[in-house]
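All values below come from the heavy atoms of this structure, side chains included, with hydrogens, waters and symmetry mates left out.
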Amino acid sequence: MHQIGRNSSRDKYSSGFRTPMSERASKELALLTPGGVNSPFRSFKEVGGHTIFFARAEGSRMFDIDGNTYIDFVGAWGPAILGHAPAGVVRACQKALGEGPVFGAPHELEIEMAKAVINAIPSIERVRFVNSGTEAVMSAIRLARGITNNLDVIMFEGGYHGHSDSTLSSKTQYRAGVPMQEHTLEAIFNDLESVERQFRANKGRIACVILEPVPGSMGVIAPTQEFLEGLRKLCTDNGALLIFDEVLTGFRVGYGGAQDLYKVKPDLTCLGKVLGGGLPIGAYGGRANFMDQLEPVGDVYQAGTFSGNPVTMAGGIAMLSALSEPDVYPTLEERTDQLFDGLAPVIKKLRLNVQLQRVGSMFAIMFCDRPVRNYKDSLMIDKDAYANFFRYLLEHGVYMPPSATDAACVSYAHTPDDIDATIKVCERAFAALSAAGV
């Protein structure tokens, strides 16, 4: 078995890429778990073939149970911004685990973690920790409804905010078993007029507008400055709360998240993924007078046995401490620039209908003939072409998201050699697709 990158000049395809153990494990798990996965994002339904079972991960690499090595650009769907198993985070979690993984009572690590979040994100004056991004969004929407005494929520086509009823009720493909559809309204991302229409048509009924400031589930779409600023004004003028779902973008596109990058201040912010240092986490926060509407000081209910547990708090503190080092985000920008600078000339030379989109270290390689600016644009992505691209990369030791529309991520652990190796594999993949007439 040969490894792509700085330790080998050969790729795994030439050394006989095989995954029989993963194939057997996929079949076995499918008998025990619906679809053979514990989250549908892990499925290879869109790209074909069986899922890959991993044994371990370290730095920029993941290692499957068949002994194959991959340069990883999934990053555990976002959290692995420092790479996998960063030593400082692992040590902090091990120490906390040895002192007791959960107390069901306050501890001092909660104070340190809360201060770190509040110091990083100026719009947050109070924060509450939960156990997932879904919980954070669900709780923030409930809080907005409690504050405004309104029920309607404006979302955006193609946005993803976890699997709570309020946020899934707008998605046709996810409506089975989901109530409350009459209270979830849709608008078009980067189209302020579509939001204004919803406010006019539902005057006095809107509790909040929620959005990913940089959508990561329909391509990586940069918002226009006018759009974000317009949303801020519309919410203020209509007595609705503006909620930024920064579960993916928080501490990913910059230490202060997308709201710092675009200088637009939401009323509530939802966080997760990167925040936990690799452990399950969610958080939501905002102005003190809003957050103080939560029990036990207010009357909006939310609770969780494992919320703010010592191990997760320890991992999060170590993660945020590492991310505050001055070279982290410049390095992430440099590596992502290197990747795009290497891919763009190849795409141009081969005249491929491929779009490269990124914000910070979030990026997408999309097979379509024009930039993706909203959900309707994303429907034009050629999923079959991406599936072929994904399979080629997988067989040559590069692991990208098994979805044509979901964000990939560069990590601080990726080296220039990793990026160069990835560019070479992508170049061969593009050439193969071009020769096949894709």
Side-chain angles (χ1 to χ4, degrees), residues 104-106 110-111 113-115 117-118 121-155 159-170 178-185 198-199 202-212 231-232 234-247 250 257 259 265-272 275-276 280-309 312-313 316:
E110 292 173 289
I111 298 173
M113 182 66 162
K115 285 181 177 179
V117 171
I118 291 167
I121 302 178
S123 71
I124 297 179
E125 298 174 352
R126 301 264 201 282
V127 62
R128 181 165 281 185
F129 297 106
V130 290
N131 298 291
S132 69
T134 289
E135 277 190 58
V137 167
M138 177 182 69
S139 302
I141 290 175
R142 180 183 299 163
L143 179 57
R145 285 170 164 161
I147 290 167
T148 63
N149 289 315
N150 291 324
L151 292 178
D152 290 358
V153 176
I154 297 177
M155 290 177 48
Y160 182 73
H161 305 285
H163 60 90
S164 62
D165 287 347
S166 295
T167 59
L168 286 185
S169 60
S170 69
V178 178
M180 300 173 60
Q181 294 171 23
E182 68 273 19
H183 294 303
T184 304
L185 313 170
Q198 290 289 16
F199 271 108
N202 301 278
K203 189 174 179 61
R205 301 206 304 267
I206 307 297
C208 61
V209 174
I210 184 168
L211 74 155
E212 301 168 274
L231 290 179
R232 176 64 279 172
L234 276 174
C235 287
T236 300
D237 291 347
N238 288 275
L241 271 63
L242 178 61
I243 303 176
F244 274 11
D245 177 352
E246 296 226 43
V247 169
Q259 58 194 267
K265 191 174 182 178
D267 297 302
L268 297 175
T269 299
C270 301
L271 299 167
L275 183 65
I281 196 171
Y284 63 108
R287 285 167 40 185
N289 63 317
F290 288 160
M291 294 300 292
D292 285 347
Q293 300 303 308
L294 291 167
E295 286 200 9
V297 288
D299 57 6
V300 177
Y301 187 74
Q302 175 268 313
T305 298
F306 292 94
S307 296
N309 70 79
T312 299
M313 295 294 96

Rounded to the nearest 0.5 angstrom, the CD-OG distance for Glu135 and Ser164 is 10.5 Å

Can you tell if the side chain of Ser307 reaches within under 4.5 Å of the side chain of Asn131, non-hydrogen atoms only?
yes

Quick check for you: to the nearest 0.5 Å, what is the distance between Ile118 atom CD1 and Met113 atom CE?
11.5 Å

Within the distance-only criterion (no hydrogens, no angle test), does the side chain of Glu110 pair as donor or acceptor with the backbone N or O of Met313 below 3.5 angstrom?
no

Can you measure from OG1 (Thr184) to CD1 (Ile141) and round to the nearest 0.5 angstrom?
7.5 Å

Walk me through it: do Thr312 and Phe129 pass the test side-chain contact (heavy atoms from CB on, under 4.5 Å)?
CA-CA 10 Å; Thr312 299; Phe129 297 106; over 6 Å; no

For Arg142, side chain to side chain donor-acceptor pair (under 3.5 Å) partners two or more places apart:
none

With a 3.5 Å distance limit and no angle check, can you tell me whether Asp245 reaches the backbone of Val247 through a side-chain donor-acceptor pair?
yes

Determine the sole option in Asp152, Val153, Val300 for which the side chain to side chain contact (heavy atoms under 4.5 Å, CB included) test with Arg145 is passed.
Val153

Arg128/Ser139 under side-chain contact (heavy atoms from CB on, under 4.5 Å): CA gap, chis, key distance, verdict:
CA-CA 10 Å; Arg128 181 165 281 185; Ser139 302; over 6 Å; no

Could you tell me which non-hydrogen atom of Pro266 sits nearest to which non-hydrogen atom of Ser123, and how far apart they are?
O-CB, 3.8 Å

Does the side chain of Leu143 reach to within under 4.5 Å of the side chain of Gln302, using non-hydrogen atoms?
no

How would you list, by chain and number, every residue that makes a salt bridge (charged side-chain N to carboxylate O under 4.0 Å, His left out) with Asp299, sequence neighbours excluded?
none

In Å and rounded to the nearest 0.5 Å, what is the CD1 to CG distance from Ile206 to Asn238?
8.0 Å

If you apply the rule side-chain contact (heavy atoms from CB on, under 4.5 Å), what do you find for Leu242 with Leu211, and how did you get there?
CA-CA 8 Å; Leu242 178 61; Leu211 74 155; 3.8 Å; yes

Any side-chain heavy-atom pair from Leu271 and Ile121 closer than 4.5 angstrom?
yes

Counting only pairs under 3.5 Å, give me each side-chain donor-acceptor contact of residues 290-297, with atom names and distances, residues two or more places apart or in other chains.
{"residue": "Asp292", "atom": "OD1", "partner": "Arg126", "partner atom": "NE", "Å": "3.3"}
{"residue": "Asp292", "atom": "OD2", "partner": "Arg126", "partner atom": "NH2", "Å": "3.3"}
{"residue": "Gln293", "atom": "NE2", "partner": "Asn289", "partner atom": "O", "Å": "3.2"}

Nearest atoms (heavy-atom pairs only) where Leu241 meets Cys235
O-SG, 3.9 Å

If you compare all heavy atoms of Thr134 against all heavy atoms of Gly162, which two are closest, and at what distance to 0.1 Å?
OG1-CA, 3.2 Å

Start with the C-alpha gap between Tyr284 and Leu268, add the side-chain angles, then the distance that decides, and say whether side-chain contact (heavy atoms from CB on, under 4.5 Å) holds.
CA-CA 7 Å; Tyr284 63 108; Leu268 297 175; 5.6 Å; no

When you compare the side chain of Cys270 with that of Ile243, does any pair of heavy atoms fall below 4.5 Å?
yes

If you measure from CZ on Arg232 to CG on Leu234, what distance do you get to the nearest 0.5 Å?
10.0 Å

Roughly how far, to the nearest 0.5 Å, is the CD atom of Gln198 from the CD1 atom of Ile154?
5.5 Å

Any side-chain heavy atom of Lys265 sitting closer than 4.5 Å to one from Pro122?
no

